[in-house]
Amino acid sequence: MIDLATLRLDPGAVKRSQAARGESEALVDDVLAADIARRSAVGEFEALRTKQKALGSQVAKAQGGEKQALLTESKSLSDQVKAAEGALREMDAALDSLVLGLSNLVDAEAPVGTEDDFVVLKEVGSKRDFPAEGITVRDHVELGELLGAIDIERGAKVSGSRFYYLTGQGAMLEFALIQLAMTLAQKNGFIPMIPPALVKPAAMEGTGFLGQAAENVYRLEADDLYLVGTSEVPLAAYHMDEILDGDFPLRYVAYSPCFRREAGSHGKDTRGIFRVHWFDKVEMFSFCPVDEAQAEHQRLLSFEEEFLQAIEIPYRVIDVATGDLGSSAARKFDCEAWIPSQERYREVTSTSNCTTFQSRRLKIRKRTTDGVEPIATLNGTLCAVTRIIVAILENHQEADGSVRIPKALQPYLGGASHFKLK
RNA sequence: GGAGACGUCGCAUAGUCCGGUCGAGUGCGCCUCACUGCUAAUGAGGUAAGGAGUCAAAUCCUUCGGAGGUUCAAAUCCUCUCGUCUCCGCCA
């Protein structure tokens with residue numbers, strides 16, 4: 001949620017942000033109008049309520065005929081108060097729904113433009129020259145079959161398209177990745193968490209996933225619960241309605257399943273496990289003071305890079321353009337791993353600085369010497385298991401279809417150096 | 001799933017039966033000041049959030065788990081709901 005005080009002061013800035021995202025500028029004027037209407041309704045209601053309260057205490061003390069007269073007066077006032085309160089509630093609701101439609105203010109540093117206008121910040125690691133090694137590149141589906149690591153056919157049989165089984169070495173690889181990710185995160189000061197993957201509407205709404213992303217969210221009608229698409233949701237909502245004390249940044253790392261309907265991506269990445277309806281993920285989340293948020297964002301990015309480097313995957317980092325940011329994000333960096341079978345970089349991690357957008361919605365603040373203030377929230381992927389499996393299998397494949405295990409993962413896989421053919 | 005108890009300002013609690021004097025008392029914690037060489041102890045004062053308003057104040061409004069209702073008036077009465085605890089049932 002945008003800060004209304006800021007919006008009143010500088011509506012132009014909000015309009016520019018909306019424009020940069022390719023979203024409605026007119027909405028800003030609508031919000032301003034609704035805000036003025038609401039404030040006048042507040043005044044009316046409060047004036048009447050003050051009167052009613054004063055009269056009420058007179059009623060309590062009065063006797064006999066005087067009391068009857070006061071009661072009559074009070075009765076008619078009561079109707080006016082109810083009407084004024086009703087009007088105020090409508091104004092409140094109208095303003096709320098308008099404000100919730102506004103996306104976060106984009107960071108001034110973020111590249112302006114649409115999806116393709118991202119800026120490549122750097123490329124790290126070296127891509128293998130497979131032809132030079134005499135290797136015909138196999139994609140992860142083929143490798144997964146040869147290794148007995150991924151069973152996509154049966155995933156489809158049991159659950160439908162975009163579902164899979166990890167089997168044997170594939171299943172163990174997931175555990176190894178999680179262990180490595182959680183270990184690195186803990187070393188970096190994150191508190192490990194296993195959060196619930198089903199959440200109430202307030203948590204989903206508060207993290208901004210019921211806006212433009214709503215069509216990608218699974219909802220359990222019978223119980224009014226949502227399946228989370230990322231543990232960002234339960235982690236952000238963990239401190240919902242709380243005023244935080246103590247040391248910042250407050251960092252959590254969670255392992256959870258993630259569920260996505262992939263409604264808008266029919267026909268995209270239909271092969272393999274690159275884009276699936278369910279996968280497991282290790283996600284970082286940080287609560288931090290506003291003036292430290294940008295530095296913390298860089299740190300989250302560096303933790304993502306640390307992980308990719310540990311598993312020896314060539315990648316690049318992109319600064320995502322304003323038009324491709326989620327509604328909560330002010331700025332976003334993606335790490336894209338090199339995928340040999342596609343001969344291009346593909347997103348494997350993403351880190352967003354949501355500034356105070358989520359914390360305002362979720363009513364999370366931090367205590368200061370004189371009062372409270374909103375806090376910034378940031379999130380970042382540490383390991384999206386399926387995509388990392390794709391990257392590992394393809395980048396570390398050998399001529400016979402076996403796959404080299406990067407050193408950092410070996411301790412979690414019984415010290416083995418390779419995934420062997422089944 | 002069944003039976004019962006409970007949910008109040010950081011924590012613990014009073015107030016609810018019998019509606020107005022309750023935005024709400026007390027203890028602890030915390031902050032400021034006084035006193036003491038320091039600490040402790042003691043004394044005095046202060047100590048929720050959100051909103052309207054203002055240069056800033058004053059002041060006013062909202063909130064007693066949540067949502068509705070009754071009433072001139074609700075922490076207090078009614079309904080529903082969520083959560084916690086105890087006991088029973090079922091179960092990984």
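Letters A, B, ... mirror the listed sequences (proteins, then strands); counts begin at 1. Below, all heavy atoms of this structure are taken into account, side chains as well, without hydrogens, waters or symmetry copies.
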Of the candidate nucleotides B/C72, B/G51, B/A49, which contains the atom at the shortest distance from the side chain of A/Ser78? B/C72
What does B/U32 pair with, Watson-Crick or G-U, if both distances are under 3.5 Å? B/A44
Between B/A49 and B/G65, how far apart are the two C1' atoms, rounded to whole Å? 15 Å
Looking at every non-hydrogen atom in both residues, tell me the closest pair between A/Pro406 and A/Arg404 and how far apart they are. CD-O, 3.5 Å
Is there a Watson-Crick or G-U wobble partner for B/G50 with both distances under 3.5 Å, and if so, which one is it? B/C61
Protein-nucleotide distance (A/Leu95, atom CG; B/G51, atom P), rounded to Å: 12 Å
Where do A/His140 and A/Glu394 come nearest, in terms of heavy atoms and distance? N-OE2, 2.8 Å
Pairing partner of B/C38, by Watson-Crick or G-U wobble and under 3.5 Å for both distances, is none
Checking N1-N3 plus N6-O4 or O6-N4 for Watson-Crick, or N1-O2 and O6-N3 for wobble, each under 3.5 Å, the partner of B/A24 is none
Using a heavy-atom cut-off of 4.0 Å across all strands, would you classify A/Glu73 as base, sugar-phosphate, or nothing? nothing
Rounded to whole angstrom, note down the P distance from B/U54 over to B/G46. 29 Å
Expressed in whole Å, how much space separates the C1' atoms belonging to B/C6 and B/A75? 15 Å
Which one is paired to B/A73, where only Watson-Crick or G-U wobble pairs with both distances under 3.5 angstrom count? none
Just checking, is any N or O donor in the side chain of A/Thr230 or A/Lys281 under 3.5 Å from an acceptor N or O on the other one? yes
Which part of the nucleic acid, if any, lies within reach of A/Gly43 when heavy atoms closer than 4.0 Å are counted: base, sugar-phosphate only, or nothing? nothing
Could you say whether A/Asp35 or A/Arg365 is positioned toward the 5' end of RNA chain B, judged by the nucleotide with the nearest heavy atom to each? A/Arg365
If you measure only the distance, is there a donor-acceptor pair under 3.5 Å linking the side chains of A/Gln358 and A/Arg361? no
Distance, rounded to the nearest Å, where A/Arg367 contributes CZ and B/G10 contributes P: 8 Å
To the nearest angstrom, the CG-P distance between A/Asp92 and B/G51 comes to 11 Å
Watson-Crick/G-U partner (both atom distances under 3.5 Å) of B/A14: none
Please state the P separation for the pair B/C11 and B/C88 - nearest whole angstrom. 31 Å
B/C72 C1' sits how many Å from A/Lys51 NZ, rounded? 14 Å
Quick one: what's the B/S/- string for nucleotides 58-71 of chain B, heavy-atom cutoff under 4.0 Å, read 5' to 3'? --BBS-----S---
Decide yes or no on salt bridge (charged side-chain N to carboxylate O under 4.0 Å, His left out) for A/Asp224 and A/Lys200, but give the supporting numbers first. CA-CA 7 Å; A/Asp224 200 17; A/Lys200 296 200 244 184; over 6 Å; no
My understanding is that only residues two or more places apart in sequence, or in another chain, count here; which of them pass side chain to side chain contact (heavy atoms under 4.5 Å, CB included) with A/Cys383? A/Leu177, A/Ala181, A/Val282, A/Phe307, A/Val385, A/Ile388
Rounded distance in Å between the C1' positions of B/U63 and B/A74: 13 Å
How far does the P atom of B/C18 sit from the matching atom of B/U47, given to the nearest Å? 35 Å
Provide the distance between the two C1' atoms, one in B/U84 and one in B/G66, to the nearest whole Å. 15 Å
Between CE of A/Met1 and C1' of B/G51 the distance, given in whole Å, is 14 Å
On a whole-Å scale, what distance lies between the P atoms belonging to B/G10 and B/C30? 16 Å
Paired with B/A5: which nucleotide, if any, by Watson-Crick or G-U wobble criteria at under 3.5 Å for both distances? B/U84
Between B/A52 atom C1' and A/Leu48 atom CG, what is the distance in whole Å? 14 Å
Result of checking A/Asp107, A/Asp334, A/Val119, A/Asp117 against A/Asp319 for side chain to side chain contact (heavy atoms under 4.5 Å, CB included): A/Val119
Has A/Arg39 got a side-chain N or O lying under 4.0 Å from the OP1 or OP2 atom of B/G53? yes
For the pair made of NZ in A/Lys363 and C1' in B/A49, what is the distance, rounded to whole Å? 11 Å
What distance separates A/Phe303 CZ from A/Leu184 CG, expressed to the nearest 0.5 Å? 10.0 Å
Output the rounded distance in Å from CG (A/Leu55) to C1' (B/G20). 12 Å
A/Lys200 or A/Ser76, whichever maps to the more 5' nucleotide of RNA chain B: A/Ser76
Do A/Glu109 and A/Gln294 have side-chain N/O donor and acceptor atoms under 3.5 Å apart? no
